[in-house]
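All values below come from the heavy atoms of this structure, side chains included, with hydrogens, waters and symmetry mates left out. Values in this document were obtained by computation on a predicted structure and should not be read as measured data.
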Amino acid sequence: MTTRGSRSEKVKRIFHQFDGNRDGGLNREEMAALVVAVNPRVKFSDEQINAILDEVFRTYAEFIDPIKGLTYDGLLRTYDDGAGDVDRDFDALGLELNADEAATTTKGGSEASSSSITDDRAVEAQKKQRTAAWAVSPNHGIVFDETWKLVDDLEILVKRLKAKQEKDGRLKGVDNNNNADAFSDAGWSRELGPSTELSDKRIFWEESSHDYNVFVKELGVLRSKADGARSREEAFDGHMAIGRVLYEHQLFKEALVSFKRACELQPTDVRPHFKAGNCLYVLGKCKESKDEFLLALEAAESGGNQWAYLLPQIYVNLGISLEGEGMVLSACEYYREAAILCPTHYRALKLLGSALFGVGEYRAAVKALEEAIYLKPDYADAHCDLASSLHSMGEDERAIEVFQRAIDLKPGHVDALYNLGGLYMDLGRFQRASEMYTRVLAVWPNHWRAQLNKAVSLLGAGETEEAKRALKEALKLTNRVELHDAVSHLKHLQKKKGKKNGNGNGGEGPFIIVEPSKFKTVGEKTTLRPNLATALQVRAFQKVTRLGKCDVEAVRKEMRDNDVPVSYSGSGGPTKSIRKPNLEEILRRLLISLKPETFQGAIKAINERILSVLDDSGSGRVDMGMFYAVIAPLCGGHSDKRKRVAFEALLWRPVNEGSSQITKTDADKYIKLLRAIYIPSHGMSEMLEVHGEEEADSSVTVTFNQFLAMFEDPDWGFGIMSTILKLENNDRNRHGNHVCSVCRYPIIGSRFKEVKARFSLCNQCYSEGKVPPTFKQEEYKFREYGSEAEAMKAKCVCFSMQSHKKPIAT
């Protein structure tokens with residue numbers, strides 16, 4: 001260790017080395033030369049240099065001469081404060097003390113200063129998401145000299161491992177530099193958060209190799225040295241530094257071990273929990289990541305003002321980890337907290353807007369995204385999500401302008417290009433849509449959805465041959481059944497086109513729409529056209545939400561095992577209500593098998609269709625008894641059990657608890673809510689009636705049998721459920737080679753056969769009243785076949801009846 005005397009002499013030599021004009025001060029140009037010289041391995045950008053100098057000149061303003069710059073005393077103070085290591089910088093410059101100066105050096109002495117303004121920054125300088133002056137921050141720098149030795153040794157080990165794996169061809173790097181602006185920013189906070197080098201070039205180490213095992217053993221030796229430090233604080237410093245180096249080299253599993261050890265040494269320190277959370281998120285362990293961020297949040301909140309500045313970043317990263325689990329409503333809460341604590345945190349506002357868009361709250365999303373863009377006008381991702389929100393609100397022309405702005409900012413922005421293509425498709429501008437999808441494929445050649453949509457847009461533009469080629473390309477990328485159906489559809493169109501050219505059809509379109517009164521049914525099992533139209537919409541909602549995958553028994557168990565405290569609404573009535581994020585947690589348990597992105601789609605649909613009705617006042621709270629009763633009819637399980645659980649959910653409400661009957665008021669309200677939510681044709685009037693009626697006599701009660709009668713009423717109840725059950729059982733059935741005579745797609749689900757003209761329709765075309773223009777009749781009679789087996793059976797019965805009518809031969 002150097003003494004105070006030798007240290008001051010070394011600082012003086014360094015100072016004179018860079019005081020080029022000999023004016024007794026280091027101006028910004030001279031200080032920049034010093035920073036670069038002591039870090040020969042690092043290529044600093046002008047922005048990084050300026051950030052470092054700004055921090056130094058601000059922190060040591062009392063030692064700054066307005067004309068000359070940083071004085072010798074100021075440079076000495078930076079080293080005394082632990083913002084630099086004299087010995088390391090002196091050696092890096094290749095300087096030597098003369099005999100007189102060397103005589104002042106003794107073997108004993110005070111400790112050298114520790115975390116370097118340059119060397120620690122050298123590691124971080126190339127990381128775009130770090131604050132430029134990280135190294136001069138006393139909160140995050142390396143504190144002990146022994147830690148530097150560990151870092152140096154670790155760098156050597158990593159360099160050796162990298163060289164060996166590159167030589168053997170086992171190190172896999174996925175370089176995305178060409179597509180650096182292709183995807184929306186994940187939004188991680190700059191302070192302590194993962195840096196964008198992960199998206200620039202993700203490295204995949206071969207962990208099963210012998211070299212890697214040797215590296216792990218040698219790393220264990222370094223960890224043991226850190227554990228053997230003279231104090232708990234020094235051991236913590238060592239493990240944090242080891243973790244940081246490993247993280248920078250994308251050795252995330254090993255970095256996590258170090259950060260976990262640091263958590264054990266100082267459980268109340270925010271930094272190791274935060275870094276461990278980052279590692280876990282990168283490793284795809286979103287739940288564990290969330291838990292670590294919650295620990296970081298707890299430590300920050302209990303640590304007083306020391307970590308107050310980090311709270312917004314913790315909230316943001318916590319929100320991102322929740323989104324990784326699919327918990328978008330919960331993520332909104334944390335993004336909101338971050339934006340409240342730091343109103344200029346444009347990333348928090350962008351993430352809040354994106355999450356609000358993800359749950360279907362478009363107006364709130366637009367407000368947050370516009371605020372983010374106001375703070376950062378060149379934020380392409382915010383422009384992209386703002387345009388998507390505007391499109392969802394029907395403001396298409398403005399949405400096109402905003403999408404184009406996002407593309408101008410980042411010409412290869414896949415999300416903006418893809419979504420703009422979808423918008424053009426919705427507007428019928430198929431040629432422009434195909435251009436957008438072509439640009440998506442130029443950036444991301446394996447984007448099968450873009451390839452499929454390109455084919456559809458080309459088909460809409462009348463370029464059938466080009467559409468066929470695009471479909472074939474899509475088939476090379478994925479083997480999904482939808483693509484095979486689309487190819488079959490194109491073939492039918494080609495045949496139809498040939499016939500049309502030969503015979504003509506009087507210049508009419510591909511179908512005509514017949515009024516409902518002309519559609520008749522044959523047989524009791526054939527579904528009425530209006531009922532099918534409504535049931536198809538409910539079934540579509542059921543598919544999106546995946547409620548059919550949730551056994552209704554799980555809803556019953558949730559009510560039994562997890563009671564909700566009673567609260568009182570504005571009208572004074574007791575209810576078991578909870579906030580939407582808490583409801584989202586319950587739904588996650590009920591739909592535990594869903595992937596995060598699928599669960600996000602389910603939450604969006606439920607929020608838009610159910611929660612918006614149940615929370616009509618906008619309080620953010622939902623009556624859980626009514627919610628369980630509303631979802632029960634669409635859950636999995638026998639239909640009788642679904643109705644029973646819906647009734648039990650109403651019994652579970654405070655006004656009915658302990659009774660075997662529900663109030664007539666609750667029963668009426670439930671049926672009206674059910675119809676308002678699931679039957680669009682009655683939605684608005686039912687909704688207004690539910691929320692506008694006066695409180696009825698609560699002494700009138702309803703038994704389960706009476707409830708069933710109300711529920712199954714075809715006109716005033718939810719009699720549509722029988723049709724929904726039929727769709728659940730049949731909507732995957734295929735009917736051999738039968739195609740719909742209107743849309744020309746293979747028939748899946750029920751087949752509706754016109755008994756006279758003998759053409760067939762699919763569910764959708766039948767529900768919309770579409771028939772081929774070649775079959776004009778005064779009325780149409782349809783028979784429904786749930787499967788091809790039913791059709792064959794009916795044909796056999798018909799043959800049998802005809803054979804009985806034959807006269808006996810004479």
Side-chain angles (χ1 to χ4, degrees), residues 479-496 499 510-511 514 516 518-536 538-540 542-543 548 636 638-639 720-777 779-809:
N479 200 33
R480 297 173 71 94
V481 69
E482 303 99 296
L483 294 184
H484 291 282
D485 287 345
V487 171
S488 175
H489 175 59
L490 273 178
K491 289 179 180 177
H492 279 289
L493 286 178
Q494 287 292 89
K495 292 178 183 177
K496 192 174 179 182
K499 291 179 181 178
F511 61 84
V514 178
K518 291 187 177 182
F519 264 40
K520 307 296 183 181
T521 59
V522 177
E524 295 180 357
K525 293 184 178 180
T526 303
T527 307
L528 294 171
R529 172 179 153 189
N531 288 357
L532 182 62
T534 301
L536 281 172
V538 178
R539 177 65 176 144
Q542 187 185 33
K543 286 181 176 179
H638 194 276
S639 60
I720 196 71
M721 186 169 175
S722 59
T723 309
I724 296 170
L725 292 169
K726 187 186 294 186
L727 290 175
E728 289 179 14
N729 295 327
N730 297 337
D731 65 0
R732 288 183 179 273
N733 292 347
R734 287 178 171 259
H735 294 259
N737 295 323
H738 288 283
V739 297
C740 176
S741 297
V742 172
C743 69
R744 311 304 300 174
Y745 272 97
I747 294 178
I748 305 174
S750 290
R751 175 162 71 97
F752 292 86
K753 183 178 179 180
E754 212 287 322
V755 295
K756 182 179 178 182
R758 306 184 71 81
F759 64 84
S760 296
L761 298 180
C762 64
N763 275 332
Q764 196 64 44
C765 291
Y766 174 79
S767 70
E768 294 171 2
K770 296 176 179 178
V771 298
T774 52
F775 299 105
K776 289 185 176 179
Q777 300 173 188
E779 65 177 21
Y780 298 83
K781 293 182 179 180
F782 288 94
R783 185 185 295 275
E784 178 179 0
Y785 299 112
S787 66
E788 201 53 28
E790 284 185 24
M792 290 298 294
K793 184 178 178 181
K795 188 181 292 186
C796 291
V797 170
C798 181
F799 285 150
S800 176
M801 290 176 65
Q802 289 177 5
S803 65
H804 285 305
K805 291 179 183 179
K806 285 182 180 180
I808 299 174

Using the rule given for side-chain contact (heavy atoms from CB on, under 4.5 Å), can you reason through K781 versus K756, listing the C-alpha separation, both sets of side-chain angles and the distance that settles it, and then say yes or no? CA-CA 7 Å; K781 293 182 179 180; K756 182 179 178 182; over 6 Å; no
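- Applying the side-chain contact (heavy atoms from CB on, under 4.5 Å) rule to R529 yields the partners P516, F519, Y766; only residues at least two apart in sequence or on another chain are considered.
- Between E784 and the choices T526, N763, T527, the side-chain hydrogen bond (donor to acceptor under 3.5 Å, both in side chains) rule is met once, by T527.
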F759 vs T774, side-chain contact (heavy atoms from CB on, under 4.5 Å): CA-CA, chis, key distance, verdict: CA-CA 10 Å; F759 64 84; T774 52; over 6 Å; no
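- Within the structure, every pair that satisfies the salt bridge (charged side-chain N to carboxylate O under 4.0 Å, His left out) test and touches residues 759-768, not counting sequence neighbours, is listed here: E768-K770.
- The salt bridge (charged side-chain N to carboxylate O under 4.0 Å, His left out) search around R783 returns none, not counting sequence neighbours.
- In this structure, N730 and G786 approach most closely via the heavy-atom pair ND2-CA, 3.8 Å.
- Taking SG of C743 as the reference point, atom CZ of F511 lies at 10.0 Å (rounded to 0.5 Å).
- The two residues C740 and I747 make their nearest non-hydrogen contact at N-CG1, 3.5 Å.
- Applying the salt bridge (charged side-chain N to carboxylate O under 4.0 Å, His left out) criterion to E754, with sequence neighbours excluded, gives no partner residue.
- The CG atom of L532 sits 11.0 Å away from atom CD1 of I724, with the distance rounded to the nearest 0.5 Å.
- Not counting sequence neighbours, K525 has no partner by the side-chain contact (heavy atoms from CB on, under 4.5 Å) test.
- Taking E790 as the reference, nothing meets the salt bridge (charged side-chain N to carboxylate O under 4.0 Å, His left out) condition, with sequence neighbours excluded.
- K543 is linked by a side chain to side chain donor-acceptor pair (under 3.5 Å) to D731, counting only residues two or more places apart in sequence or in another chain.
- Under the rule for a side-chain contact (heavy atoms from CB on, under 4.5 Å), the partners of L528 that lie at least two apart in sequence or sit in another chain are T521, P530, N531.
- The two residues S767 and L536 make their nearest non-hydrogen contact at OG-CD1, 3.5 Å.
- In terms of modelled atom types and a separation under 3.5 Å, the side chain of H735 and the main chain of P746 share no donor-acceptor contact.
- The CG atom of L761 sits 13.0 Å away from the NE2 atom of H738 when rounded to the nearest 0.5 Å.
- Here the side chain of Y780 pairs no donor or acceptor atom with the backbone of A757 at under 3.5 angstrom.
- Applying the side-chain contact (heavy atoms from CB on, under 4.5 Å) test to K753 and every residue at least two apart in sequence or in another chain returns R751, R758, S760, Y785.
- With hydrogens and angles left out, the side-chain atoms of K726 and S750 include no donor and acceptor closer than 3.5 Å.
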